[in-house]
Structures are given as structure tokens and as C-alpha cells.
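Note: hydrogens, waters and symmetry copies are ignored here, and every other heavy atom, side chains too, is used. When a residue number appears, it is its place in the shown sequence, counting from 1. Counting starts at 1 for both ligands and their atoms, following the listed order.
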Amino acid sequence: MSCDYLALAAAGVQKLHPYVPGKPVDELERELGLSNIVKLASNENPLGLSDSVKQAIQAEFDEGCRYPDGNGFVLKQALVNKFGVELDQITLGNGSNDVLELIARAFLSRESEVIFSQHAFAVYPIVTQAVGAKAVVTPAKNWGHDLDAMAEAITAATRLIFIANPNNPTGTWLSETQLRAFLDKVPATVLVVLDEAYTEYVDEAEFPNGVELLSDYSNLIVTRTFSKAYGLASLRVGYGLSNPQVADLLNRVRQPFNVNSFALAAAAAVLEDSDYLARSVEVNRLGMAQLEQGFKALGLEYIPSVGNFISLDLGRPAGPIYQSLLERGVIVRPVANYEMPNHLRISIGLETENQALLDALVQVLKS
Ligand SMILES: *Cc1c(COP(=O)(O)O)cnc(C)c1O
């Protein structure tokens, strides 16, 4: 090469480690010549697309040659109806990851500091570093966010704080009391992103609803997604809710057609499909109990989780166990990149998939 392009890249990008996705089923099939592969690696919805979604997508086919509605009016109106927010509080994203990136691009510079917790979602460091801002990582407490440590880390340079509730990959959660006490301490000049990607699964009386906090905290941005409980991971659609001025700024940096028409239609349809959501939550509740029981029977420790995944503590480096599970056609997620080298994160699947994981685990731990 005539030139070192690494040296030409922006300083933050030079040090960036790309996001490592779960291994795709097709890839493992090709590598091992296996069929019947079980993927419990990316917190996807095991129910498949809802029929209401398939119909909504089909209805868009004829207009597929046209640009989508860049304002996403129909979906935004559905969100307004469902959550009682105003249209101008909404930012639609190509997945909620897109919204996280829009926030970083709109508000961060090389002088900014961004606070997030150890073991928090891997996209926070990526969007922070990509714009050259400084990541301030506070140590976790019992695997969860230590909000006192996060509040103490605020300096004059702090522009943004990321909080995942519940957090991925630990499944830990913050109560409304904890969260409000924290938000009360954060200056209005510091934006707080409350990432609620798994909120639909949580059934805890003390669990906060970010949407209800918006009126009390002008610096709050709530992000949610259609990728998990609504089962649209491949379609890429999520949203941010915030005060209208913040939403306006996010929409200024947004690509004009960042959400495609199939995703827009699918999301609007599934938002009204309360039956699908109820089934998602129920299958998850039963699957979580099944896995917890299975782990206990094997004498394995885990971090109690309110999401659609659970992190299993193997008490030793998990890499070889991950590999052995792969060889048996079960894909789970190593989380060494989250400073959790002894854990594997396992997404909750259908009953048969959960059982396949437990069976494979018994075999692997025996050998
Ligand atoms: C899965 C996940 C998201 C959602 O990602 P999408 O881009 O909407 O698919 C956001 N935050 C966390 C913590 C997640 O685990």
C-alpha cells in the first residue's frame, strides 16, 4: 500500500474496535455442515415475524421503488397514540443503535466526556469513540450500574450519560426511585440517554417507565426498539423520545430516509398487535424460568436477568465452552469484550431451543 490509511483516520476511529455480532446461523451451517442449529446469541425474538407484520410488509411491495416517508408520519402517529407523547418529541432510527449514534453526532465533540458503566452495552463506547469524545467508564456494582459512581464522574466536560435499563448483557435493572434520585443530581446541561431496549419484558413493580419521566427531566432521551419484544430485528427500526428541541437536533443529523418503508409499516402494525407482544413476553417468562431451573440443576451460577437473555457464570474462561457448544450446533454469545470472560450470554428461545442448549451444556461440561 502506498499510504497508511490508518494514520489518516480520525483519532477516535483509529482506536475503535468494531461491534462483534452473534455468529449467523448460515455461517455455522457452512462451517460445520450441521442443520438444526439453535441460535441464542443476539437476543432476537424466537417467535418469528408476526402475521400482522408479514401482511403490512406485503402491502408495501408495490411502492417499494419509491423513497419511504422520510418523516415516518404513520409510525410516529402510532407512537403518539400508544404513548401519549407529541409528534415532535420522536426521532425514528434505523434500529435504536442509529438513534444512539445520532445523539453522539449531534452533541459530542472531541472535548466532550461521556459516562457509561462497565459491562454496559457495547455500542456506547463505539459511538463515543467514533466522534473522538472521551469515554469515562465507571466500575459496575453487583454487575449493574453504580449510579452514585456515575454521578460523581460528572465534570464540566460531561455532555452525555448512557444508561441501559435493563442492561445488556447483565440483565440488571434500576428502580424508579434509584433512577429519579440520580436524574435529580444531573445538571440539565448533561444529556441522559435511557436505553429501554428490553423494557417490554420487565415485570417488576418498581421498574420505571422512561416515557413518564420525560416531563420531569428536559435532558432525558429515552430510546426503544422494535428489534426485541416486537420481533423486527432484521428490519432495523427504533426510536428516541425527548424534548422537542433535542428531537429537532437529532433529526437534523439524521439521514433523510433512514428507516425504510417496510420497516415503517411493520413497526406501525406490530405496535397495535398486543397479542404478539403478550406472547413474546409469556414465552420469555417461561423460557427464563426453564433456563434458570436448568442452570440450578447443573449447579451453575448466573446473573438474575429481567431481559430476554441471561448471563451464565462458568467460573472459568468461557471461550472453550462457547466453542464446544458451537460444535454441537448451539450458538450463544461470549462476553469477554464486556470484561466478563467467564460468562456466556444466552438469549431466551423457544422451549425446544432452551432444552437443546441445556442438553448441549450437560454434554460439554461432562467432557
Ligand atoms: C439490542 C439492543 C438495542 C437495540 O438495537 P437495535 O439497533 O434497535 O436493533 C439497544 N440497546 C441495547 C442495550 C440492546 O441490547
Any non-hydrogen atom of G95 lying under 4.0 Å from ligand 1? yes

Axial cation check for F309 ring with R333, 6.0 Å and 45° limits: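 Negative - R333 is either too far from the ring of F309 or too far off its axis.
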
Which residue supplies the protein heavy atom nearest to [atom], what is that atom called, and how far is it?
atom	result
atom 3 (C) of ligand 1	K228 NZ, 3.3 Å
atom 9 (O) of ligand 1	S227 OG, 2.6 Å
atom 15 (O) of ligand 1	Y198 OH, 2.5 Å
atom 11 (N) of ligand 1	D195 OD2, 2.7 Å
atom 4 (C) of ligand 1	S96 OG, 3.1 Å

If we check side-chain contact (heavy atoms from CB on, under 4.5 Å) with K76, which of these qualifies: L264, D88, T91, L87?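 Result: among L264, D88, T91, L87, L87 is the only option passing the side-chain contact (heavy atoms from CB on, under 4.5 Å) with K76.
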
Under 3.5 Å: donor-acceptor pair, side chain of S242, backbone of A247: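 Judged by distance alone, yes, a pair lies under 3.5 Å.
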
Spacing of CZ belonging to F83 relative to CZ belonging to R224, to within rounding of 0.5 Å: 5.0 Å

Examine the side chains of E206 and T177 and answer whether a donor and an acceptor come within less than 3.5 Å of each other.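 The answer is yes; a qualifying pair exists.
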
Do the side chains of R252 and D248 get close enough for a salt bridge, i.e. N-O under 4.0 angstrom? yes

Need the ligand 1 atom indices (1-based, order shown) with element for anything under 4.0 Å from a heavy-atom of [X].
X	value
N168	13 (C), 14 (C), 15 (O)
A197	2 (C), 3 (C), 10 (C), 11 (N), 12 (C), 14 (C)
R236	6 (P), 7 (O), 9 (O)

Taking distance alone, with N or O pairs closer than 3.5 Å, would you say N43 contacts ligand 1?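 No, there is no polar N/O contact under 3.5 Å.
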
Heavy atoms only, cut-off 4.0 Å: how does N97 contact ligand 1, side chain, backbone, both, or neither? both

For N142, I'd like to know if atom CG has over 12 heavy atoms of other residues, nucleotides or ligands within 6.0 Å.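 Atom CG in N142 is not packed in, count stays at 12 or less.
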
The residue among W143, Y338, Y322 that forms ring-ring contact (aromatic ring centres under 6.0 Å, His included) with H343 is W143

